Participant: 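Got a structure here, written out as structure tokens. Questions coming.
Computed from a prediction, not measured in an experiment: that's the story for all the values here.
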Amino acid sequence: MSGEEYRVDLLVEAARMYYENSLTHAQIGKKLGFSRWTASRLIQEARDRGIVRITIEAPRAEHYELEQALKEHFDLDRVLVVPQETGENATFRAVAQAAARHLQSLRPQPRTLAVSWGKTIARVARELPDRWASGTTVIQTNGGPSYTQDNFVSESIRTIAEKAGGFGRVLPAPALVGDSRIATALQRDYSIKATLEAAANADVICFSPGKLEADSVLVRSGYVSEGDLQKLFARGVVGDLLCRFVNAEGLPADAELDKCTIGISLRSLKTARMKVAISSGNGKTNTTLAALRGGYVDTLIVDSGLAQSLLKKSDLKIEK
């Protein structure tokens with residue numbers, strides 16, 4: 001065996017010990033009769049000579065491309081695309097878990113967090129771990145349901161606040177009233193006004209665009225009858241953002257109806273410090289797209305199916 005052949009065999013042996021057997025440089029040196037420094041140089045030489053080739057497999061490569069396409073087109077700060085799971089409920093939970101991890105990772109931790117109400121935020125509340133933050137105040141962004149089998153509002157706010165070691169601030173008012181004058185009067189009340197101002201000025205606003213159909217939260221909560229749905233569709237409504245009905249461009253679909261809504265304004269949402277939108281399922285394509293077009297989103301968290309639907313609806317293609 002020539003000196004070069006011996007050298008190559010030595011490099012291969014050192015590389016196998018390091019990369020396949022997970023031995024340390026010191027352990028490799030001891031086995032081969034060299035110092036740890038010599039073992040380190042052997043491993044580096046194996047890489048330099050192409051004996052060792054490191055390949056990084058990126059299972060999220062496709063999702064990364066979706067994230068970049070959405071981020072660039074809608075000028076977002078961050079996009080998180082979650083792989084679709086088997087079953088709609090599993091995907092819904094995976095998106096909520098991703099949102100919970102994102103909130104937990106925020107630095108600095110938010111001192112105030114404003115949240116809307118609904119199934120998505122309720123699920124995020126469940127997925128947040130204990131002590132996800134320290135002393136965060138959680139504030140309701142818009143009025144609550146008139147009646148519902150699911151106590152989305154107080155339960156979500158209480159859970160998120162308790163897990164953060166903080167306290168919740170609820171909005172003692174309905175989401176919609178039948179007369180704009182009543183809405184105006186209610187929003188002049190000190191406690192309601194102060195809560196809305198606190199929500200609008202929160203460090204982070206977290207919400208989920210609402211779809212408009214028979215099983216949507218606003219219908220189930222009693223604010224919209226199934227008979228009203230067609231009237232709303234005729235006005236160009238594609239869904240709701242914080243219970244405010246919007247058209248495809250994210251603008252109020254009916255000015256008078258918007259005046260009857262109690263909650264922070266769309267203008268306040270647009271100018272908020274940080275707004276995180278969480279959405280799951282292709283059924284939310286139109287309302288999520290409206291939120292993006294309206295400029296109400298900084299961070300978007302969606303599943304891959306919805307991400308692809310958003311790109312297709314926007315006539316965007318992923319660059320390969």
Participant: With no hydrogens and no angle check, do the side chains of E197 and N201 hold a donor and an acceptor under 3.5 Å apart?
Facilitator: no
Participant: Could you check if a side-chain atom of D298 sits within less than 4.5 angstrom of a side-chain atom of L76, using non-hydrogen atoms only?
Facilitator: no
Participant: For T120 and K284, what are the C-alpha separation, side-chain angles and deciding distance, and is it a side-chain contact (heavy atoms from CB on, under 4.5 Å)?
Facilitator: CA-CA 12 Å; T120 300; K284 283 198 172 185; 3.7 Å; yes
Participant: Give me the atom names and distance for the closest heavy-atom approach of I192 to A173.
Facilitator: CD1-CB, 3.8 Å
Participant: To the nearest 0.5 Å, what is the distance between NZ (K30) and OG (S35)?
Facilitator: 14.5 Å
Participant: Work out which heavy atom in I264 is nearest to a heavy atom in S268; give both atom names and the distance.
Facilitator: CB-CB, 4.3 Å
Participant: Any chain of hydrophobic side-chain contacts (each under 4.5 Å) joining L311 to L300?
Facilitator: yes
Participant: Quick check for you: to the nearest 0.5 Å, what is the distance between T287 atom OG1 and N247 atom CG?
Facilitator: 10.5 Å
Participant: Does T285 use its side chain to pair, donor to acceptor, with the backbone of N282 at less than 3.5 Å?
Facilitator: yes
Participant: I'd like to know if the side chain of T159 reaches the main chain of S156, judged simply by a donor and an acceptor atom lying under 3.5 Å from each other, with no hydrogens or angles considered.
Facilitator: no
Participant: So L266 and K270, side-chain contact (heavy atoms from CB on, under 4.5 Å) or not? Walk me through it.
Facilitator: CA-CA 6 Å; L266 291 176; K270 189 171 185 176; over 6 Å; no
Participant: Should we say atom CZ of R49 is surrounded by more than 12 heavy atoms from elsewhere, each under 6.0 Å from it?
Facilitator: yes
Participant: Can you check whether Q308 reaches L66 side chain to side chain, under 4.5 Å on heavy atoms?
Facilitator: yes
Participant: Might you point out which heavy atoms bring Q187 and I262 nearest each other, and give the distance in Å?
Facilitator: CG-CG2, 4.0 Å
Participant: So, T141 side chain and V115 main chain: donor-acceptor pair closer than 3.5 Å or not?
Facilitator: yes
Participant: Hey, is the main chain of R123 close enough, under 3.5 Å, to the side chain of E127 for a donor-acceptor pair?
Facilitator: no
Participant: Whether the side chain of N21 engages the backbone of L23 through a donor-acceptor N/O pair (distance < 3.5 Å, no angle test) should be reported.
Facilitator: no
Participant: What I'd like to find out is whether the side chain of I205 reaches to under 4.5 Å of the side chain of Y296, using heavy atoms alone.
Facilitator: no
Participant: Can you check whether I160's main-chain N or O pairs, donor with acceptor, with W132's side chain at less than 3.5 Å?
Facilitator: yes
Participant: Within a 6.0 Å radius of atom CZ on R293, are there more than 12 heavy atoms belonging to other residues, nucleotides or ligands?
Facilitator: yes
Participant: Is a side-chain N or O of R244 found less than 3.5 angstrom from the main chain of D258, in a donor-acceptor match?
Facilitator: yes
Participant: Group every Ile, Leu, Val, Met, Phe, Trp and Tyr by side-chain heavy-atom contacts under 4.5 Å, then state whether I139 and L186 land in the same group.
Facilitator: no
Participant: For R101, which residues count as a side-chain hydrogen bond (donor to acceptor under 3.5 Å, both in side chains) partner, sequence neighbours excluded?
Facilitator: none
Participant: Do L257 and L251 sit in one hydrophobic cluster, given that two such residues count as connected whenever their side-chain heavy atoms are within less than 4.5 Å of each other, even indirectly?
Facilitator: no
Participant: If you take all heavy atoms of S116 and S208, which pair is closest and at what distance?
Facilitator: OG-N, 3.7 Å
Participant: Say whether, by atom type as modelled, one donor and one acceptor occur between the side chain of Q140 and the main chain of L171 under 3.5 angstrom.
Facilitator: yes
Participant: Should the pair E155-R158 be classified as a salt bridge under the 4.0 Å nitrogen-to-oxygen rule?
Facilitator: yes
Participant: Measure the CE-CG distance between M274 and L113 for me, rounded to the nearest 0.5 Å.
Facilitator: 10.5 Å
Participant: Let me confirm one number: the CG-NE2 distance from L80 to H63, rounded to the nearest 0.5 Å.
Facilitator: 12.0 Å
Participant: Give me the atom names and distance for the closest heavy-atom approach of K275 to G295.
Facilitator: CE-O, 3.8 Å
Participant: May I ask you to test the V238-L289 pair for a side-chain heavy-atom distance under 4.5 Å?
Facilitator: no
Participant: Considering only heavy atoms from C-beta outward, does the side chain of V276 approach that of I301 to under 4.5 Å?
Facilitator: yes
Participant: Roughly how far, to the nearest 0.5 Å, is CD of Q104 from NE2 of H102?
Facilitator: 12.0 Å
Participant: Is there a side-chain contact between F207 and L241 (heavy atoms, below 4.5 Å)?
Facilitator: yes
Participant: Within the side chain of T137, is there an N or O that forms a donor-acceptor pair under 3.5 Å with the backbone of T112?
Facilitator: no
Participant: Please check this pair: side chain of T195 against backbone of S191, looking for a donor-acceptor N/O pair closer than 3.5 Å.
Facilitator: yes
Participant: Going through the checks in order, is the side-chain contact (heavy atoms from CB on, under 4.5 Å) test met by Y19 and I43?
Facilitator: CA-CA 9 Å; Y19 290 104; I43 293 166; 3.9 Å; yes
Participant: Does any non-hydrogen side-chain atom of L42 lie less than 4.5 Å from one of M17?
Facilitator: no
Participant: Less than 4.0 Å between a side-chain N and a carboxylate O, is that true for K71 and E67?
Facilitator: no
Participant: Same hydrophobic cluster for L176 and V237, using side-chain heavy-atom links shorter than 4.5 Å among ILVMFWY?
Facilitator: yes
Participant: Would you mind checking if R93 and E85 are paired as a salt bridge, meaning a charged N to carboxylate O distance below 4.0 Å?
Facilitator: no
Participant: Is the shortest heavy-atom distance from the side chain of I278 to the side chain of I121 under 4.5 Å?
Facilitator: yes
Participant: If two hydrophobic side chains count as joined below 4.5 Å and joins carry through other members, does F167 share a cluster with V170?
Facilitator: no
Participant: One pair to check against side-chain contact (heavy atoms from CB on, under 4.5 Å): L32 and T38. What are the steps and the verdict?
Facilitator: CA-CA 10 Å; L32 296 179; T38 299; over 6 Å; no
Participant: Tell me the closest heavy-atom pair linking C206 and L103, and the distance in Å.
Facilitator: SG-CD1, 4.4 Å
